[in-house]
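Below, each value reflects all heavy atoms present in this structure, side chains not excepted, and no hydrogens, waters or symmetry copies. Per chain, numbering begins at 1; letters A, B, ... match sequence-line order.
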There are 2 protein chains.
Amino acid sequence: MQLTDRQKLILTLIIHEHIRTAQPVGSKSLVEKYNLAMSSATVRNEMSALTDYELLRQPHTSAGRVPTEEGYRFFVGNLVQKSGLPTNTRRTITHQFYQSRQDIEQWLRLAASVLANQSQAASLVTAPHAEKAIFKHLELIATRGRQVLMVLVLMGGEIRQQFISLSEPVSQDRLSVIAAQISNMCTRCDVEKISRMRFQMDSLGKDILDILIAEMTLIEESTTGEIYLDGMTNVLSEPEFAESDEARQALHILEERSLLENLLASTVMNTDVGGIQVLIGGEGTWQELRQCSIVLARYGDPNTLTGSIGVLGPIRMPYDRTISTVRFVANVLSDLVTETLAV
Amino acid sequence: MQLTDRQKLILTLIIHEHIRTAQPVGSKSLVEKYNLAMSSATVRNEMSALTDYELLRQPHTSAGRVPTEEGYRFFVGNLVQKSGLPTNTRRTITHQFYQSRQDIEQWLRLAASVLANQSQAASLVTAPHAEKAIFKHLELIATRGRQVLMVLVLMGGEIRQQFISLSEPVSQDRLSVIAAQISNMCTRCDVEKISRMRFQMDSLGKDILDILIAEMTLIEESTTGEIYLDGMTNVLSEPEFAESDEARQALHILEERSLLENLLASTVMNTDVGGIQVLIGGEGTWQELRQCSIVLARYGDPNTLTGSIGVLGPIRMPYDRTISTVRFVANVLSDLVTETLAV
DNA sequence: TTTAGCACTCTCACCTTGAGAGTGCTAAAA
DNA sequence: TTTTAGCACTCTCAAGGTGAGAGTGCTAAA
């Protein structure tokens with residue numbers, strides 16, 4: 001499918017106009033709006049051709065044209081201008097990050113908030129997560145009776161806390177000794193190596209090591225870290241979600257962690273850090289997302305810690321701006337992660 | 001305002017019927033539906049009286065009656081049957097909690113999920129938070145260069161992690177020594193006591209203690225811990241939120257942390273653990289919640305750690321069931337918190 | 001005090017209608 | 001060959017009209 005320049009122009013204008021108004025775009029109004037140097041009849045002929053290519057669609061015989069999913073895809077793939085974010089927007093965003101508390105959690109929350117506000121859509125950010133769990137540090141804190149709080153720190157800064165129940169009460173001193181022992185012994189070890197050290201430990205140590213191993217295995221098996229969402233309500237103000245049932249289906253994907261993990265796993269997980277993926281109208285697979293598009297990116301340090309960020313909005317979203325924003329925030333997060341978390 | 005038994009009955013039935021159908025309730029259909037031993041004319045007279053009391057309202061001259069906010073409030077205050085949850089529902093819920101990972105975060109997430117599913121509405125759960133921050137344990141973990149990961153554990157199990165930047169690189173060994181020293185010295189101390197120990201420390205120790213104090217102050221100042229939400233999309237399926245703008249306003253309160261904190265601070269924070277608060281139609285204060293009711297409870301250990309849980313649904317919600325569910329989940333969480341987190 | 005009966009009111013679903021916007025086609029102009 | 005003016009046609013949408021249905025308040029009798 002090879003489009004003439006004029007066809008590309010018209011497709012682009014129709015998409016712009018449709019994004020602006022959420023209405024079908026007619027030939028005459030398009031010519032008037034953009035002062036095109038051709039008549040509406042010419043535009044109609046081109047529209048007709050674009051409709052044959054299935055890039056445009058007519059809701060009804062005598063309505064204007066609306067871009068199809070294919071049309072958006074062509075637009076995003078070939079026509080969208082990679083404008084980059086305006087400098088002052090960049091500055092505002094960067095500023096916010098360096099203003100915030102120095103804490104991954106805050107950064108991720110902030111990233112979600114920035115994405116949501118900039119794109120006026122729903123956003124998601126997953127915490128950076130390593131494919132391989134490498135032990136860094138263990139802490140055991142007595143709470144009450146046989147209850148102990150276990151804090152496990154992985155290389156890369158992932159932290160897990162968990163209450164464990166020992167078979168008998170143990171003093172804080174003894175716990176500290178064991179924690180220190182394990183911390184020293186296991187630094188930079190993966191699950192396998194740690195398993196092989198099990199024989200060196202006494203009975204209590206073995207119990208704790210077992211829990212530690214279980215926990216690390218669990219972390220390794222999970223495909224993504226904690227998920228932060230923001231701007232869900234932004235989506236509700238879009239006219240295509242006026243009947244809230246449509247909105248419900250779309251937002252449900254974000255809310256239901258397992259669905260979202262599936263979605264991420266089958267798309268952005270295969271993308272390189274720095275790359276952008278745009279999922280338009282659910283790409284036939286995700287029925288609930290028929291009305292939505294998702295712009296996704298991966299951030300972090302490609303070899304160790306990575307996470308995903310994305311924006312979910314109506315299919316009729318301003319792709320250029322959204323893509324720039326997602327790319328920029330991903331870069332900011334990558335920088336922060338590599339600066340502070342790297343091994 | 002003193003209602004006769006018959007008036008109470010009719011009010012109750014109208015509310016029940018309205019909750020079921022979301023439609024105005026007429027005299028005739030009410031008599032038929034519930035096989036009342038009186039004629040529709042009698043019911044009409046009583047309805048008229050209830051309307052005078054402003055417990056009912058007519059959307060239009062010749063429509064049926066709809067409960068007013070006042071009507072719901074009377075119902076919740078006087079007529080609602082405190083049924084308690086069915087035994088098997090209780091069992092299902094309890095079971096889920098003991099099945100889950102032994103980890104506050106999981107419990108809170110689960111609580112939110114249970115509330116959302118049981119009530120088919122949106123739910124919120126705040127992490128338990130102590131009014132007074134009491135130090136328990138400090139851990140310092142070298143990451144890279146001058147970057148250090150500080151893990152702060154408070155009495156009661158609140159954990160904060162933060163990256164701090166020291167003025168010069170420090171070895172893990174030295175960090176461990178300092179952390180142990182602080183941990184020993186400050187156990188069970190509040191901010192004030194810790195501040196008085198500052199002079200004992202060397203320069204590096206002072207820096208760290210300052211950050212620690214700042215962090216503890218921050219925790220003490222925040223009114224609530226982490227917030228977990230669930231079931232936002234449930235609300236979208238209610239007919240009163242068909243035009244998504246209504247839904248947007250309501251859900252916005254949940255999404256915007258500061259708004260939600262305000263709301264909690266001005267209501268449930270003043271409630272005792274074990275008590276239930278029902279906020280109907282925003283009580284005149286919260287414009288965004290005109291269409292909603294919130295059922296709130298406080299859980300935890302009254303003297304140390306408390307958190308809030310709640311359900312947000314349409315004003316037309318099944319209060320008896322929702323209240324029972326919220327109360328039950330609050331009790332379960334209280335038990336878990338006092339069992340595992342208490343000092 | 002309750003109820004049957006009645007006149008009245010209001011909504012809602014349904015239909016019709018005309019304006020408006022858009023289309024495709026054709027024939028003439030460039 | 002490409003572009004454009006003109007025209008007949010199509011379809012939506014808002015506005016207005018109509019009747020069925022449900023509900024009400026009032027009155028007079030039980």
Side-chain angles (χ1 to χ4, degrees), chain A residues 2-11 13-18 20-68 71 239-240 242-243, chain B residues 2-11 13-18 20-68 71 239-240 242-243:
Chain A
Q2 194 56 41
L3 300 193
T4 65
D5 283 352
R6 193 168 67 187
Q7 287 171 336
K8 288 180 186 169
L9 172 68
I10 289 177
L11 177 57
L13 292 182
I14 288 177
I15 290 180
H16 269 135
E17 194 58 13
H18 180 65
R20 233 175 42 81
T21 63
Q23 296 294 324
V25 181
S27 53
K28 195 170 155 224
S29 66
L30 196 69
V31 170
E32 280 169 11
K33 189 121 233 158
Y34 291 94
N35 288 318
L36 295 186
M38 59 192 116
S39 79
S40 63
T42 311
V43 174
R44 273 203 291 287
N45 288 331
E46 298 291 32
M47 280 175 157
S48 179
L50 291 169
T51 307
D52 288 343
Y53 294 147
E54 306 210 315
L55 298 175
L56 295 180
R57 188 168 53 83
Q58 278 180 285
H60 329 280
T61 321
S62 76
R65 298 304 211 285
V66 165
T68 60
E240 38 268 85
E243 312 99 59
Chain B
Q2 195 55 42
L3 300 192
T4 66
D5 283 352
R6 193 167 66 186
Q7 287 171 335
K8 289 180 184 169
L9 172 68
I10 289 176
L11 178 57
L13 292 183
I14 289 177
I15 290 181
H16 268 135
E17 193 61 10
H18 180 66
R20 233 175 41 82
T21 62
Q23 296 294 324
V25 181
S27 53
K28 195 169 156 224
S29 66
L30 196 69
V31 171
E32 280 170 9
K33 187 122 234 157
Y34 291 94
N35 287 318
L36 295 186
M38 58 191 117
S39 79
S40 64
T42 311
V43 174
R44 272 204 291 285
N45 289 331
E46 298 291 34
M47 279 176 161
S48 180
L50 291 169
T51 307
D52 288 343
Y53 294 147
E54 305 210 315
L55 298 175
L56 294 181
R57 185 170 55 82
Q58 278 180 284
H60 329 278
T61 321
S62 77
R65 299 305 210 284
V66 166
T68 60
E240 38 269 84
E243 312 100 60

task: Report the distance from atom CZ of A:Arg65 to atom P of C:dG22, rounded to the nearest whole Å.
output: 11 Å

- request: Go through C:dC25, D:dT24, D:dC11 for me and flag the one nearest to the B:Arg44 side chain.
  value: D:dT24

task: Would you indicate which nucleotide in C:dG24, C:dA21, C:dT11 comes nearest to any side-chain atom of A:Ser62?
output: C:dA21

- line: The nucleotide from C:dG24, D:dG25, D:dT4 with an atom nearest the side chain of A:Gln58 is C:dG24

- request: Report the residue (B:Ala41 or B:His60) whose heavy-atom-nearest nucleotide on DNA chain C is the more 5′ of the two.
  value: B:Ala41

message: With no hydrogens and no angle check, just 3.5 Å: does a side-chain donor-acceptor pair link A:Tyr53 and A:Gln7?
response: no

field: Options D:dC11, C:dG22, D:dT3, nucleotide nearest the side-chain atoms of A:Lys28
entry: C:dG22

- request: Compare side-chain N and O positions of B:Ser27 against OP1 and OP2 of D:dG23 and report whether any pair is under 4.0 Å apart.
  value: no

field: Pairing partner of D:dT1 (Watson-Crick or G-U wobble, both distances under 3.5 Å)
entry: C:dA30

- request: Work out which heavy atom in B:Arg65 is nearest to a heavy atom in B:Ser48; give both atom names and the distance.
  value: NH2-CA, 3.6 Å

task: Please state how far atom CG in A:Asp52 lies from atom P in C:dT23, giving the value in whole angstrom units.
output: 14 Å

task: Figure out the CD/C1' separation between B:Glu32 and D:dG21, and round it to whole Å.
output: 13 Å

- request: Provide, to the nearest angstrom, the distance between the NZ atom belonging to A:Lys33 and the C1' atom belonging to C:dG22.
  value: 16 Å

- prompt: If we call it a pair only when both distances are under 3.5 Å in a Watson-Crick or G-U wobble match, what pairs with D:dC13?
  reply: C:dG18

query: Does the side chain of A:Arg6 get closer than 4.0 angstrom to OP1 or OP2 of D:dT3 through an N or O atom?
result: yes

task: Would you mind pulling out the nucleotide paired to D:dT24, Watson-Crick or G-U wobble, both distances under 3.5 Å?
output: C:dA7

query: Rounded to the nearest Å, what distance is computed from the CD atom of residue A:Glu46 to the P atom of nucleotide D:dT4?
result: 11 Å

Between CG on residue B:Leu11 and NE2 on residue B:His16, distance to nearest 0.5 Å: 10.5 Å

query: Are any side-chain N or O atoms of A:Thr68 and backbone N or O atoms of A:Glu54, one a donor and one an acceptor, separated by less than 3.5 Å?
result: yes

task: Look at the side chain of A:Asn45 and decide which nucleotide, out of C:dT3, D:dT4, C:dC10, has an atom nearest to it.
output: D:dT4

field: Any B:Val25 side-chain heavy atom under 4.5 Å of B:Lys33 side chain
entry: no

Nucleotide C:dA21, atom C1' - distance to CG of A:Leu30 in whole Å: 14 Å

task: State whether B:Thr42 places a side-chain N or O below 4.0 Å from either non-bridging phosphate oxygen (OP1 or OP2) of C:dT1.
output: no

Minimum side-chain heavy-atom gap B:Leu36-B:Thr42 below 4.5 Å: no

task: Mind calculating the distance between CG (B:Leu50) and P (D:dG25) to the nearest angstrom?
output: 12 Å

message: Just the rounded figure in Å: distance from C1' of C:dG22 to CZ of A:Arg57.
response: 16 Å

- prompt: What nucleotide, of C:dT3, D:dC11, C:dT9, holds the atom closest to the side chain of B:Thr61?
  reply: C:dT9

- line: Per atom distances to the B:Met38 side chain, the nearest of D:dT24, D:dC11, C:dT3 is C:dT3

- prompt: To the side chain of B:Ser29, which of C:dT3, C:dT23, D:dG23 is closest?
  reply: D:dG23

